[in-house]
Novice: 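A single structure is presented below for examination.
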Amino acid sequence: MTVAAAKDRSQDRQKEMIARHFSRLARSEETGEKNVYTFVPGNLTELLLAFDLLPVLPEINALQAGMRKISGDQVTKAEKLGHSEDVCAYVKASIGALHSGNLGPTGERLPKPDLLLLSYTGCFTFLKWFELYREETGAPVTMLHVPYQADGCYTKEMVQYVVKQLKEVVIPDLERVSGRKYDEDKLREHLKLSAAAEDDLVRVLESAKHRPSPIDGYFGAVYYVGPIFSSFRGTSDAVLYYRELWEEVRERMARGEGPMTPDGPMGPERFRLVVEGPPNWTHFREFWRMFHSEGAVVVASTYSKVGGTYDFGFRHDPDRPLESLAEYCLGCYTNLDLPSRVKMLSGYVRDYGADGFLINSIKSCDSFSAGQLVIMRAVEKETGVPGGFFESDLVDPRYFSAANIKNRIESYLQMLDQRRSGAGRREGALS
Amino acid sequence: MEAPLTSAPSSPRGKIVAQAEELYRDLSFGAVRRWKAAEPGRKALGYLPVYAPLELIRAAGMLPVGIVGGGDMEVVRGDACYQSYICRIPRSTIELGLNGALDCLDGMLFPSTCDVIRNLSGMWRMMFEGRYVRYLDLPQNFDPAVGGVFFAHELRALAKDLESLGGRPVTDAALREAIAVYNENRAAIRELYDVRAREPWRVPASELYLVMRAGNVLPAEEHTELVRAYLAAARAEDRRLQDTARVVIRGCFCEQPPVDLLRTLERSGCSVVDDDWLLALRWFDADVPTEGDPLDQLVRAFLSRSPACPSLYLRQGKKGDALLERVRETAAEGVVFAAPSFCDPALLEQPMLLNAVKAQKVPCTAFQFAENTGQFQVIREQAGAFADSIRLA
């Protein structure tokens, strides 16, 4: 089956939403619409929408460049400008893009930033990234510091700190850029729409508890979380998208079907896996194929929670608009301490009936990667399930060693298979 | 050109430097153990770069101990915790924890320096169960009514923890006394830096570094005495002006350069007139007031007197302004960017600083190091060529 033939209605809708958004951005200098560049974890899309501001997410544009195989040149360009080989490839791809016409994923030009909203959530690199953007573009920065959940929870003081910054720093800056007054009722309307979409997203993600799983909770989920992690949370488009997606997934589940992949429907489900860490984008399809060709489906992933841990009950709350935005920021996955991450992964392994868990350790991302080996041992100890570990990168194609990764994945799955048959034999011997 | 870098071991200065070097090389933290043993019940708290409220720790009756990795020690188990692309300081710190060197500490404080140090706080919690661990979130909003309120709460929570850890109540009087002691210490350090900036041939970088490093393990007043004694000895000794290039070094605010790297720079003809290592010991560039609410004074000092550091958001001015100001103040002729490998904050900051420096036509050069770098030939050649290019210009 071709990819086009396998497309669902929701995919068409998402594609149309993205095209419309980037077209608005491309025309924004003529139409006078203003934009705000910001990051996925801790994004404040509803607040931006309340000011009729257009969000731009350099991470998304960088990963799209990775998927379109142009990030390698962008990274090289940034390195020629003096950026170290050692640092985050998202940053370098985006700097390279700025020096190559600043084209978005649809090939249209992105506007210069009117404001850089540095929602400083779970990643120190964000700080340097927008300091660099400020130097490159001259755009002003508004800083929102989101404290880290070092003790596995957030306190009321942390929420108050974030809310105070929203009131005294972020909102006044948004008013200045947009030329509009803050309208809390408008924000509430967007938050209401967010919560509705979040309900359906969680239904979709949790459908993977079903056997066979109707979705891939990692490779597939990166498409599913796209609208809600980027520019569309809080819009009626997102509500429609997630309603449609959930209906499709429910239908697949009723028919006993597995996930749809770029190569067509996945064959029989042989392995159920949990994955920690972001995917590689430069070889995304090849990477996914290494799993689905072996009958391995990812039933849950932590990467699909970087833009919000909705499956743990968080919903944007229109009755507490700013507090709710603060709690959202505080709860993003990369803002969680390591013991909480271990707990989350172990819970996924148990709740989704996983046979194993894998860590894709990303060279670019210290926030995710530093400590993953310790996380792996802790999850193994907690669940009794063996972990697997391999390394790649986000958008630097030089760090994707296909043969090496394929070999690791195959060996890992063989090990799971042997373990399973060994357990079967032991059970047989005991019966 | 070979400059005399070391003092004669028998000279007063040589003795002080030897004492400081002994403390530097002692990875079992003997000084901390001796301090604790001198009085039953004494406690010590380790802290990672870049900032720790030393005054608060002292006011709780505890010794703040700066932990900056393990230098060139052999690291095995620490390496097993990290991928190849993570910097070296967390590896050797874990090794120190696992080999028992840090058993003399009653807890560890991890400030919000970068993702690696942040995550190390969680690893520590998991690997050293039962030990006190705290992550200290430093505010990136510098408004007293916003970031200040948050930071005051963080410090109060830390104070409460330290009290129950077996220190003593952190009273206002104790905090004022601690602020005064650290003001003295920072004043001595400022003097040391001023003398070095004026007459770098009197205060070689390697010696200054060792004397500073002693501040990681000594009580503040003892360190102040050491610094002052070194200064007196350095002034008393007749050292000839050297024909070297005056350079500012940047990038070492967290993982530390090996002291032999500093000697290499000096032997290559570079006199370091300013640096960014061991910032926690000289975080504030002026005295913290001792009147009023002392905790509030610490908060205000942090908000308004923190140095330009890649871990802190630059809210005003341009990147590189602070560096260029130091270049001017110290009459430096060049800048050496020496960042640890895989140090995201330093390496992401570097292009902005480079642009600022180049725009002012200040000569600069850049290389990377790790705390266990042992081969200096390439750096020696690079630094030598750099120094020559300045001297011959």
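If you're wondering where the values come from, they're calculated on a predicted model, not measured in any experiment. The chains referred to below are lettered A, B, ... by the order of the sequence lines, with proteins before strands, and numbering in each begins at 1.
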Novice: Could you state the interatomic distance from CG (A:L373) to CE (B:M123), rounded to the nearest 0.5 Å?
Specialist: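 So the gap between those two atoms works out to 8.0 Å.
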Novice: Side chains of A:R377 and B:C81: does their closest heavy-atom pair fall under 4.5 Å?
Specialist: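 With C-beta onward as the side chain, the pair touches.
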Novice: Quick one: what part of B:M126 sits under 4.5 Å from any heavy atom of chain A, side chain, backbone, both or neither?
Specialist: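 B:M126 touches chain A through side-chain heavy atoms alone.
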Novice: Any donor-acceptor pair under 3.5 Å linking the side chain of A:D86 with the backbone of B:D344?
Specialist: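 Side chain of A:D86 to backbone of B:D344, a donor-acceptor pair under 3.5 Å: no, none is there.
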Novice: Can A:E131 and B:K319 be counted as an ion pair, charged N to O under 4.0 angstrom?
Specialist: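 A salt bridge links A:E131 with B:K319.
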Novice: One pair to check against side chain to side chain contact (heavy atoms under 4.5 Å, CB included): A:Q372 and B:Q83. What are the steps and the verdict?
Specialist: CA-CA 9 Å; A:Q372 276 176 330; B:Q83 303 89 318; 3.5 Å; yes
Novice: Which atom names give the shortest non-hydrogen contact between A:T125 and B:L348, and what distance separates them?
Specialist: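 Heavy atoms of A:T125 and B:L348 come nearest at CG2-CD1, 3.8 Å.
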Novice: Counting only non-hydrogen atoms closer than 4.5 Å, does A:V141 touch chain B with its backbone (N, CA, C, O), its side chain (CB onward), both, or neither?
Specialist: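 Contact with chain B is through both the backbone and side chain of A:V141.
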Novice: Quick one: which of A:K363, A:M158, A:E168, A:K167 has the most heavy-atom pairs under 4.5 Å with chain B, could you say?
Specialist: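 Option with the greatest count: A:K363.
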Novice: Measure distances from B:L120 to the heavy atoms of chain A and classify the residue's part below 4.5 Å as side chain, backbone, both or neither.
Specialist: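 The answer is neither part of B:L120.
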Novice: At a heavy-atom separation under 4.5 Å, does A:L118 approach chain B through its side chain, its backbone, both, or neither?
Specialist: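 The side chain, not the backbone.
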Novice: Would you mind checking which part of B:S112 comes under 4.5 Å of any heavy atom in chain A, side chain (CB onward), backbone (N, CA, C, O), both or neither?
Specialist: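 Both backbone and side chain of B:S112 come within 4.5 Å of chain A.
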Novice: Does B:R300, at its CZ atom, have more than 12 non-hydrogen atoms belonging to other residues, nucleotides or ligands within less than 6.0 Å?
Specialist: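 Count not over threshold, so no.
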Novice: Is the backbone N or O of B:F150 less than 3.5 Å from a side-chain atom of A:K164, with the two atoms forming a donor-acceptor pair by type?
Specialist: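 No.
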Novice: At a 4.5 Å cut-off on heavy atoms, which part of B:P139 comes close to chain A: side chain, backbone, both, or neither?
Specialist: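 For B:P139, heavy atoms of backbone and side chain both lie under 4.5 Å from chain A.
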Novice: Tell me, side chain or backbone of A:S340 under 4.5 Å from chain B's heavy atoms, or both, or neither?
Specialist: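 Interface part for A:S340: neither.
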Novice: For A:R408, look at atom CZ and say whether over 12 heavy atoms of other residues, nucleotides or ligands are found less than 6.0 Å away.
Specialist: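 No, because the 6.0 Å sphere around CZ of A:R408 holds 12 heavy atoms or fewer from other groups.
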Novice: Using a 4.5 angstrom heavy-atom cutoff, name the option from B:P310, B:C87, B:S84 with the most pairs to chain A.
Specialist: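 Of the options given, most contacts go to B:P310.
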Novice: With a 4.5 angstrom heavy-atom cut-off, could you sort out which part of A:V91 is near chain B: side chain, backbone, both or neither?
Specialist: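 Looking at A:V91, just its side chain touches chain B.
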Novice: Closer than 3.5 angstrom, by distance alone: can the side chain of B:K318 be matched with the main-chain N or O of A:E135 as a donor-acceptor pair?
Specialist: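 No; judged by distance alone, with no hydrogens or angles, the pair does not exist.
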Novice: Report yes or no: do A:Q165 and B:D143 form a side-chain donor-acceptor pair below 3.5 Å?
Specialist: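 There is no such pair (donor and acceptor under 3.5 Å, judged by atom type) between the side chains of A:Q165 and B:D143.
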Novice: With a 4.5 angstrom heavy-atom cut-off, which part of B:Q350 approaches chain A: side chain, backbone, both or neither?
Specialist: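 Neither part, no heavy atoms under 4.5 Å.
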Novice: Start with the C-alpha distance between A:R134 and B:L314, add both sets of side-chain angles, then the distance that settles side chain to side chain contact (heavy atoms under 4.5 Å, CB included), and finish with yes or no.
Specialist: CA-CA 11 Å; A:R134 178 171 61 186; B:L314 179 75; 3.9 Å; yes
Novice: In terms of heavy-atom proximity below 4.5 Å to chain B, should A:F130 be classed as side chain, backbone, both, or neither?
Specialist: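 The answer is neither part of A:F130.
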Novice: Taking it one step at a time, do B:N141 and A:Y161 satisfy side chain to side chain contact (heavy atoms under 4.5 Å, CB included)?
Specialist: CA-CA 9 Å; B:N141 175 297; A:Y161 175 43; 3.6 Å; yes
Novice: Between chain A and each of B:C114, B:S341, B:C343, B:A339, count heavy-atom pairs under 4.5 Å; write down the option with the most.
Specialist: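 That would be B:C114.
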Novice: Any side-chain heavy-atom pair from B:Q368 and A:S84 closer than 4.5 angstrom?
Specialist: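 Yes, their side chains come closer than 4.5 Å.
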Novice: Go through it in stages, so that I can follow the logic: the residues are A:S361 and B:Y85, the test is side chain to side chain contact (heavy atoms under 4.5 Å, CB included), and I'd like the CA-CA distance, side-chain angles, deciding distance and then a yes or no.
Specialist: CA-CA 10 Å; A:S361 180; B:Y85 51 80; 2.2 Å; yes
Novice: Just by modelled atom types, is the B:V116 backbone N or O under 3.5 Å from a matching donor or acceptor in the A:D366 side chain?
Specialist: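 Flag not set: sc A:D366 to bb B:V116 has no pair under 3.5 Å.
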Novice: Give, as side chain, backbone, both or neither, the part of A:I359 having an atom under 4.5 angstrom from any heavy atom of chain B.
Specialist: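 For A:I359, there is no contact with chain B at all, as no heavy atom is under 4.5 Å.
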Novice: If only side-chain N and O atoms count, and only distance matters, is there a donor-acceptor pair under 3.5 Å linking B:Y82 with A:S369?
Specialist: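 The answer is no; no qualifying pair exists.
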Novice: Taking B:N119 for the side chain and A:G371 for the main chain, is one N or O donor matched with an acceptor at less than 3.5 Å?
Specialist: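 No; zero donor-acceptor contacts below 3.5 Å.
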Novice: Under 4.5 Å heavy-atom distance to chain A, tell me which part of B:A80 shows up: side chain, backbone, both or neither.
Specialist: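 Contact with chain A involves both backbone and side-chain atoms of B:A80.
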Novice: Below 4.5 Å from any heavy atom of chain A, which atoms of B:V146 appear? Answer side chain, backbone, both or neither.
Specialist: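 Interface part for B:V146: both.
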Novice: Nearest heavy-atom pair of A:A150 and B:R125: which atoms, and what distance?
Specialist: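 Nearest pair, atom of A:A150 first, then B:R125: O-NH2, 3.5 Å.
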Novice: Could you grab the distance from atom CZ of B:R134 to atom CG of A:D151, nearest 0.5 Å is fine?
Specialist: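 Nearest 0.5 Å value for the CZ-CG distance: 6.0 Å.
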Novice: So, B:R118 side chain and A:Y148 main chain: donor-acceptor pair closer than 3.5 Å or not?
Specialist: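 No, B:R118 side chain to A:Y148 backbone: no donor-acceptor pair under 3.5 Å.
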Novice: Pick from A:C123, A:C88, A:A378, A:G82: which one has the most heavy-atom pairs with chain B under 4.5 Å?
Specialist: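 Going by pairs under 4.5 Å, I would pick A:C123.
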Novice: Contact part of A:L132 toward chain B, heavy-atom cut-off under 4.5 Å: side chain, backbone, both or neither?
Specialist: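 Both parts, backbone and side chain.
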Novice: If you count heavy atoms of other groups shown closer than 6.0 angstrom to CD of B:E74, is the number above 12?
Specialist: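 No - once you tally the heavy atoms of other residues, nucleotides and ligands closer than 6.0 Å, there are 12 at most.
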Novice: Taking the side chain as C-beta and beyond, is there a heavy-atom pair between A:H145 and B:Y313 under 4.5 Å?
Specialist: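 SC-SC contact between A:H145 and B:Y313 ruled out.
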Novice: Specify which of B:P90, B:S121, B:G147 makes the most heavy-atom pairs with chain A at under 4.5 Å.
Specialist: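 The candidate making the most pairs under 4.5 Å is B:G147.
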